[in-house]
Each structure stands twice: as structure tokens, then as C-alpha cells.
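Only one structure is covered here, and it is reproduced in the block below.
Sequence positions, counted from 1, serve as the residue numbers for this chain.
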Amino acid sequence: MTYSRARVWQLVFLVTLTAWYIKFTTLVYAYNGHIGLPFKQHELLSGWMLSPHVSLLTYMTPLLGVIALVYPRRKWFILASVVLMTSSLLMLWNIHSYNDATFVVIFWISAWLLWWAITIPCQGREHALWAVRLGLGIVGLMFLGGAAGKWTDSYWSGEAVYQLYFMQKDLLVYSWMRERLDQEMLHFIACWFSRVLVITESLWATVFLWPGRLASLSTMILSVIMIAGSTWMLFSVLGGIIGLCLGILVIYQHELGKISA
């Protein structure tokens, strides 16, 4: 195992784990509030899938992966990846967390981590390029999912963004606009803000076709802008993507050098 490859795995895993727990207090408080509350049977979810105890236990399980950060061994990388991937899947099967995009994103990133951990002994330019393309393929898939959810009349008209951001967000820029602009102007700005968002996310679904270094850097910049324009809790969704892009850049530095991919 080369040092650079171990560092790639550890870097992506550490940032992804941070994204997983960035909403720790919010989620734990919510799970505790659900304890003892009755839930009606769901057509797809039943039994343990309705239990907040199972959800909370599953949420805490990926902490076991810290051992792979302290002891960088391939077997721990594989085990931590499997634990994270399984935990993500179980969270998506629980009624308390099934609708959280955090666990969808981290499921796919943990799949990349598992593949990278298993194939660490592989050497050569071809393997590094595969890592880049698979990583960017996951990034594109995640943005495609986000874009597809916004291919609606309410987003294209700006109404959804108007209600979610311009009316509800407490960020300084939204508060400033509410105080100084009339409703017609707010609707106008929200409309074009929303359309730019939809077009941008749709464009980023093709990121796996772009030059790797450009794709990674631009995706990280876009993710930071999206978090700054929304809420720090959006890092739970975009943090793993940022970590994966950082990993891709490390692969360039240590294995691809000036080779374009």
C-alpha cells in the first residue's frame, strides 16, 4: 500500500464522516423525540424500520471507522467502508431518516471507498484514471438526482425557492432583500435564481465527461457556494462530494501528475 493511496482513502472517509455527523445534535434530538411515539404501518416500512432506537444505533455505528484513521491498514479500510455503506442503506430503510439525501450520497461514496480499498494493490495510470472516472460518475449521479427533483413547474417558476429561501431563510442576504424589496421583485429574483439553480445542477450531471481536475475543483467551489447560500447543514449532503473531489485531486498529485484525465 502506498502512502498516497492510504491518504486518499483516509481523506475521503474523514470528510464524509464529518458530513455524516454534521447534524448530530439535530438528528439525535429528533430521534429522542420520536421514542415512544406510535407510528402507523407503512406500505414499504414495518417492524424495526419504524424504530427510532434502530435508527439512532445505526447512525452511531460508522464511528467504528475511526480505527481506520488511526491504524491505516487495508483491512480496516475495507471494514470501515462496508460499515458506512451498510449504515447508509439501513438509514434509508428507516422511517426516521429515509427521506434524508445525506444517506443517499454517502451510500454511493462509501461504495467508491470500498472499491478503492479493495483495489489499493493495483498499480498504474489506468487504475488511477478509473478511480477518477468512477468518482466523477458518482458526483454526476448525485447532481442528476438533485436536478431531477427540481424539474417541476414550482421550481421553474421560482415559487418553491421563493417560499423555501426568500421567505424562510434567516441568512443576511435574504433578510436584507425582504426588508428592502417588494414582493414582485422578490418573486422575479427567486424565479431566475431558481432557474439558474436547476440549469446548473443539470449541467453538473455531466461532470464525469469533463477534465478531471477541472471537474473536481469546480464541483468543490459550487458546493461551497450552495452551502453558503442555503444552510451549513447542507454540508451533510455536499460534504461527502467535496471529500470525494479532494480525493480525486490527491490522486492527480501522487499518481497522474500532469496527465490530463
task: First locate atom CD1 of I106, then atom OG of S88, and finally report the distance between them rounded to the nearest 0.5 Å.
output: 5.5 Å

Point-to-point distance, once rounded to the nearest 0.5 Å, from CZ of F143 to CE of M226: 5.5 Å

message: Do V66 and F13 sit in one hydrophobic cluster, given that two such residues count as connected whenever their side-chain heavy atoms are within less than 4.5 Å of each other, even indirectly?
response: yes

- prompt: Within the distance-only criterion (no hydrogens, no angle test), does the side chain of T86 pair as donor or acceptor with the backbone N or O of V83 below 3.5 angstrom?
  reply: no

- request: Measure from the side-chain N and O atoms of S194 to the backbone N and O of Y155, and report whether any donor-acceptor pair falls under 3.5 Å.
  value: yes

message: Restricting to non-hydrogen atoms, name the atom on I241 and the atom on I109 that form the minimum distance, rounded to 0.1 Å.
response: N-CD1, 3.5 Å

- prompt: Does the R73 side chain pair with the main chain of A68, one donor and one acceptor, at a distance under 3.5 Å?
  reply: no

- prompt: Quick check: are there more than 12 heavy atoms from other residues, nucleotides or ligands sitting under 6.0 Å from CG of D153?
  reply: no

V12 and its side chain to side chain contact (heavy atoms under 4.5 Å, CB included) partner, picked from T16, L14, V15: T16

- prompt: Which atom names give the shortest non-hydrogen contact between G135 and L244, and what distance separates them?
  reply: O-CD2, 3.4 Å

message: Counting C-beta onward and ignoring hydrogens, is there a side-chain heavy-atom pair between M185 and F188 closer than 4.5 Å?
response: yes

- prompt: Considering only heavy atoms from C-beta outward, does the side chain of P62 approach that of L17 to under 4.5 Å?
  reply: yes

message: What's the separation between atom OG1 in T219 and atom CG in L246, rounded to the nearest 0.5 Å?
response: 11.0 Å

- prompt: Do R133 side-chain atoms and F208 backbone N/O form a donor-acceptor pair below 3.5 Å?
  reply: yes

message: Is there a side-chain contact between M91 and D100 in this structure, where contact means two heavy atoms from C-beta onward sitting under 4.5 Å apart?
response: no

query: If you group Ile, Leu, Val, Met, Phe, Trp and Tyr by side-chain heavy-atom gaps below 4.5 Å, do L57 and W93 land in one group?
result: no

- prompt: What closest approach, in Å, do S236 and I22 show between heavy atoms, and which atom pair accounts for it?
  reply: CB-CG2, 3.4 Å

- prompt: Once you round to the nearest 0.5 Å, how far does CE of M177 lie from CE of M167?
  reply: 9.0 Å

G212 versus V132, closest heavy-atom pair with distance: CA-CG1, 4.3 Å

statement: Here the pair of heavy atoms bringing M220 nearest to C245 is CG-CB, 3.6 Å

- request: State plainly whether one hydrophobic cluster holds both V196 and F193, where clusters connect Ile, Leu, Val, Met, Phe, Trp and Tyr through side-chain heavy atoms under 4.5 angstrom apart.
  value: no

- prompt: Does the ring centre of W76 sit less than 6.0 Å away from the ring centre of Y71?
  reply: no

query: Would you say S218's side chain and A215's backbone share a donor-acceptor pair under 3.5 angstrom?
result: yes

message: For a 4.5 angstrom cut-off between non-hydrogen side-chain atoms, does I78 reach K75?
response: no

message: With clusters defined by side-chain heavy atoms of hydrophobic residues (ILVMFWY) lying less than 4.5 Å apart, directly or transitively, does I138 cluster with L203?
response: yes

- prompt: More than 12 non-hydrogen atoms from neighbouring residues, nucleotides or ligands closer than 6.0 Å to CH2 on W151, yes or no?
  reply: yes

- prompt: Parallel, tilted or perpendicular: which fits the ring planes of W20 and F103, with parallel below 30° and perpendicular above 60°?
  reply: perpendicular

message: Whether the side chain of R125 engages the backbone of L256 through a donor-acceptor N/O pair (distance < 3.5 Å, no angle test) should be reported.
response: no

Check: S81/W116 side-chain N/O donor and acceptor closer than 3.5 Å: no

- request: Could you tell me how the ring of W115 sits relative to the ring of W112: parallel (under 30°), tilted (30 to 60°) or perpendicular (over 60°)?
  value: tilted

message: If hydrophobic clusters are built from ILVMFWY residues whose side chains come within less than 4.5 Å, do L89 and L114 share one?
response: yes

message: If you define the side chain from C-beta out and look only at heavy atoms, does anything of K23 sit under 4.5 Å from T102?
response: yes

task: Check the angle between the aromatic planes of Y21 and Y59 and answer parallel, tilted or perpendicular using the 30° and 60° thresholds.
output: perpendicular

field: Pair T206-W210, side-chain donor/acceptor within less than 3.5 Å
entry: yes

query: Do you know the tightest heavy-atom contact between G149 and T152?
result: O-CG2, 3.9 Å

- line: The reported gap from OG in S157 to CZ in R195 (rounded to nearest 0.5 angstrom) is 8.0 Å

message: I'd like to check W156 versus I199 (side-chain heavy atoms, cut-off strictly below 4.5 Å). Are they in contact?
response: yes

- request: For residues M60 and F24, determine if any side-chain heavy atom of one lies less than 4.5 Å from a side-chain heavy atom of the other.
  value: yes

- prompt: Just one of Q10, H127, H254 clears the side-chain hydrogen bond (donor to acceptor under 3.5 Å, both in side chains) bar with R5, so which one?
  reply: H127

field: Distance, nearest 0.5 Å, that separates CZ of F77 from CZ of R74
entry: 10.5 Å

field: Test item: Q253 and R213 side chains (from C-beta on) under 4.5 Å apart, heavy atoms
entry: no

